[in-house]
> 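Let me begin by handing over the structure; questions about it come next.
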Amino acid sequence: MRITIFGTGYVGLVTGACLADVGHDVLCMDVDADKVARLEAGEIPIFEPGLEELVTANTASGRLRFTTDAATAVDFGVLQFIAVGTPPDEDGSADLQYVLTVAETIGRYMREFKVIVDKSTVPVGTADRVREVVARVLEERGEALDFEVCSNPEFLKEGAAIEDFTHGARFVVGTSSERVRELMRECYAPYIRLQEKLMFMDVRAAELTKYAANAMLATKISFMNEIANLAERLGADVEQVRRGIGSDPRIGYHFIYPGCGYGGSCFPKDVRALTRTASDVHYEAQLLGAVEGVNHRQKQTLFDKLERAFDGALAGRTIALWGLAFKPNTDDMRDAPSRTLMEALWRVGARVQAYDPEAMGECRRLYGERDDLTLVDSREAAVQGADALVICTEWKVFRMVDFDWLKRQLGMPVVVDGRNLYDPETVRKAGLMYFAVGRGDSLKRP
């Protein structure tokens, strides 16, 4: 098939590369000429395992191309995917200006039947708004062209996006049109040959499914963090509790790892957007508000534990951070717990010495050059001369540590583990004060 994708961000680029990889002819359109030039030169603007190789191979084959010419993009494919950003507005709702701009563009340049596919994460009712915009522009042109709008939300995890696309649990398509069903079935046919994973439903149900899925996963995380905080106060080990409840097949082990809170581009934004949607229809989504509130509080826990370890005397201290990204296998620092911690440390006059395998460039972009921020090129360099270590991201490189060595590097033997990577008894036997999440903080100085 000939497929057009508007947007070469995370969702657009992954979708385009994966569809091209199974033989479709894909044209990705972006208004950023510099970005398109870099993509054509093989430079990938985001870090996602396997994406660079996929884009390079399919660009070389000619099945994946890029353009800044909107008219060419609209003319190219019967399927017109909208995969542009929907950043949070000031009131928490999703900002649809980029989605609706693409809808206007399609209406302006289309000359034959098109299926407009909402791939971006958009609130319920967006397909109707897209349809209205396209119809208005066609009327202004004096054209009576046929078109359809469907919802096809993405379910991609950063760090595992290609695996999620190629071996995901489902492809959700919201439409009432049999013609659209046939075209979308053809689009995803290479990925559903062995198992029927294409789920058709009403448009509004598909739009809500995306938000409901992310809100459910965020709820599991916040719930487990609540249990961790309770376990800490009751003298129970939350890791044992996690195994106890995860073994129940009705619950499972996914997304029940306690830690220092969730971040990234999806969960925070989507929980807020769904809460706003509820408010717009005069419904108070109490659970969603609690999920967000728990997560906000959980991000403070790393700083709170450091304050307890140093009796509030953090001014002038140097704190080592292992991990800056909100999760492993990405360079994304949006709503990352590391940012909450760093900004809190700077407010009280502490310095940060940090290392992350991928997010160093993003950290420099966000914070620039600061006297109280030093970015180093290894985990070893991060702890040299530091007064304490905080683990913010569970990268594999941080999982195995010589604790005797670590104690020798730190000015104070303090480790705050925001991801529960280590066995508390092992760390404490090495003479370190160990602060984890829901595992019983060690307040006794060695």
Side-chain angles (χ1 to χ4, degrees), residues 1 3-30 35-36 38-66 77 79 81-85 117 119-121 152-173 184 186-199 210 213-214 217 254-255 263-267 270 325-334 356-359 361-362 393-396:
M1 301 182 76
I3 297 171
T4 296
I5 297 179
F6 283 88
T8 59
Y10 189 83
V11 174
L13 195 55
V14 170
T15 300
C18 288
L19 291 176
D21 198 50
V22 292
H24 292 308
D25 195 3
V26 179
L27 180 64
C28 292
M29 190 274 171
D30 202 293
K35 189 177 184 182
V36 168
R38 287 187 285 124
L39 284 166
E40 289 178 329
E43 184 181 337
I44 309 301
I46 58 175
F47 174 74
E48 176 63 35
L51 182 58
E52 182 175 357
E53 295 82 356
L54 204 62
V55 171
T56 300
N58 285 284
T59 302
S61 73
R63 291 191 300 271
L64 179 63
R65 287 173 286 163
F66 304 94
L79 298 182
F81 281 78
I82 301 179
V84 294
V117 184
K119 196 69 174 173
S120 301
T121 299
N152 176 216
E154 53 87 13
F155 299 97
L156 307 177
K157 295 190 300 293
E158 291 190 51
I162 293 172
E163 176 68 17
D164 284 345
F165 194 101
T166 57
H167 297 93
R170 77 288 203 204
F171 294 97
V172 170
V173 177
M184 294 302 286
E186 182 181 354
C187 173
Y188 288 119
Y191 292 115
I192 60 175
R193 290 184 65 194
L194 300 179
Q195 182 182 353
E196 180 55 57
K197 295 187 288 187
L198 195 54
M199 300 178 64
K210 167 62 177 180
N214 278 354
L217 297 175
H254 294 297
F255 289 86
S265 63
C266 295
F267 288 4
D270 292 354
F326 84 95
K327 63 179 286 188
N329 296 321
T330 182
D331 59 356
D332 194 344
M333 288 182 63
R334 283 173 286 187
D356 186 284
E358 293 294 339
E362 179 65 5
T393 316
E394 63 272 34
W395 286 95
K396 289 181 180 178

> Considering non-hydrogen atoms only, spot the tightest contact between L79 and C187 and give its length.
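Looks like CD1-CB, 3.8 Å.
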> If only atom types and distance count, is the side chain of E196 paired as donor or acceptor with the main-chain N or O of L198 below 3.5 Å?
yes
> For a side-chain contact (heavy atoms from CB on, under 4.5 Å) check, start with the C-alpha distance between E40 and R65, then their side-chain angles and the critical distance, and finish with the verdict.
CA-CA 8 Å; E40 289 178 329; R65 287 173 286 163; over 6 Å; no
> So which heavy atom on K35 is nearest to which on P45, and how close?
CE-CG, 3.8 Å
> Report yes or no: does E48 contribute a side-chain atom to a donor-acceptor pair with the main-chain N or O of A160 at less than 3.5 Å?
yes
> I'd like to check L39 versus T8 (side-chain heavy atoms, cut-off strictly below 4.5 Å). Are they in contact?
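A side-chain contact under 4.5 Å exists here.
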> Test salt bridge (Lys or Arg N to Asp or Glu O under 4.0 Å) on D164 and K157 and set out the steps.
CA-CA 7 Å; D164 284 345; K157 295 190 300 293; 2.9 Å; yes
> Under 4.5 Å between any side-chain heavy atoms of D356 and E358, yes or no?
yes
> State whether the side chain of S61 and the backbone N or O of R63 hold a donor-acceptor pair below 3.5 Å, judged by distance alone.
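Yes, because the side chain of S61 sits within donor-acceptor range (under 3.5 Å) of the backbone of R63.
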> Does the Lys NZ or Arg CZ of K197 fall within the cation-pi geometry relative to Y191 - under 6.0 Å from the ring centre and within 45° of the axis?
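So K197 doesn't make the cation-pi contact.
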> With a 4.0 Å cut-off, would you call K210 and E154 a salt bridge?
yes
> For the pair L19 and Y188, evaluate side-chain contact (heavy atoms from CB on, under 4.5 Å) and give the outcome as yes or no after the intermediate values.
CA-CA 8 Å; L19 291 176; Y188 288 119; 4.3 Å; yes
> Where is the tightest heavy-atom contact between I162 and P49, given as atom of each residue plus distance?
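In this case the closest contact between I162 and P49 is CD1-O, 3.5 Å.
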> Quick one: does NZ or CZ of R334 land under 6.0 Å from the six-membered ring centre of F326, within 45 degrees of the ring axis?
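Geometry flag: not set, cation outside 6.0 Å or 45°.
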> What's the spacing between E53 CD and N58 CG if we round to 0.5 Å?
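Nearest 0.5 Å value for the CD-CG distance: 11.5 Å.
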> Under the side-chain contact (heavy atoms from CB on, under 4.5 Å) criterion, do S120 and V11 qualify, and how do the steps go?
CA-CA 8 Å; S120 301; V11 174; over 6 Å; no
> With rounding to the nearest 0.5 Å, note down the distance linking OG1 in T330 to CD in E362.
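One gets 9.0 Å once the value is rounded to the nearest 0.5 Å.
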> Which heavy atom in S265 sits nearest to a heavy atom in E158, and how many Å separate them?
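Answer, listing the atom of S265 first, then E158: OG-OE2, 3.0 Å.
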> Apply the side chain to side chain contact (heavy atoms under 4.5 Å, CB included) test between P153 and each candidate in N214, T121, V173, V172; give the one that qualifies.
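Of all the options given, the one that passes is V172.
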> Can you tell me if T393 uses its side chain to pair, donor with acceptor, with the backbone of A325 under 3.5 Å?
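Looks like yes, one N/O pair under 3.5 Å.
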> If you apply the rule side-chain contact (heavy atoms from CB on, under 4.5 Å), what do you find for F47 with D332, and how did you get there?
CA-CA 8 Å; F47 174 74; D332 194 344; over 6 Å; no
> Decide yes or no for T15 and V26: does some side-chain heavy atom of the first lie under 4.5 Å from some side-chain heavy atom of the second?
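Side-chain contact under 4.5 Å: no.
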> Could you give the distance from CD1 (I5) to CD1 (I82), rounded to the nearest 0.5 Å?
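So the gap between those two atoms works out to 12.0 Å.
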> Can you tell if the side chain of F81 reaches within under 4.5 Å of the side chain of I3, non-hydrogen atoms only?
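The answer is yes, as the side chains (C-beta and beyond) meet within the 4.5 Å cut-off.
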> Around M1, counting heavy atoms of other residues, nucleotides and ligands shown, do more than 12 lie under 6.0 Å from its CE?
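Yes, because the 6.0 Å sphere around CE of M1 holds more than 12 heavy atoms from other groups.
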> Do any N or O atoms from the side chain of E52 and from the backbone of I44 form a donor-acceptor pair under 3.5 angstrom?
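No; zero donor-acceptor contacts below 3.5 Å.
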> For C18 and L54, work out which heavy atoms get closest and say how close.
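Nearest pair, atom of C18 first, then L54: SG-CD2, 3.9 Å.
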> Measure up the F171 and F165 rings against each other and bin them: parallel (under 30°), tilted (30 to 60°), perpendicular (over 60°).
perpendicular
> Where do A17 and L51 come nearest, in terms of heavy atoms and distance?
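Scanning both residues, the minimum pair turns out to be CB-CD1, 4.2 Å.
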> Looking at side-chain heavy atoms only, is the closest gap between F66 and D30 below 4.5 Å?
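Result no, sub-4.5 Å side-chain heavy-atom pair not found.
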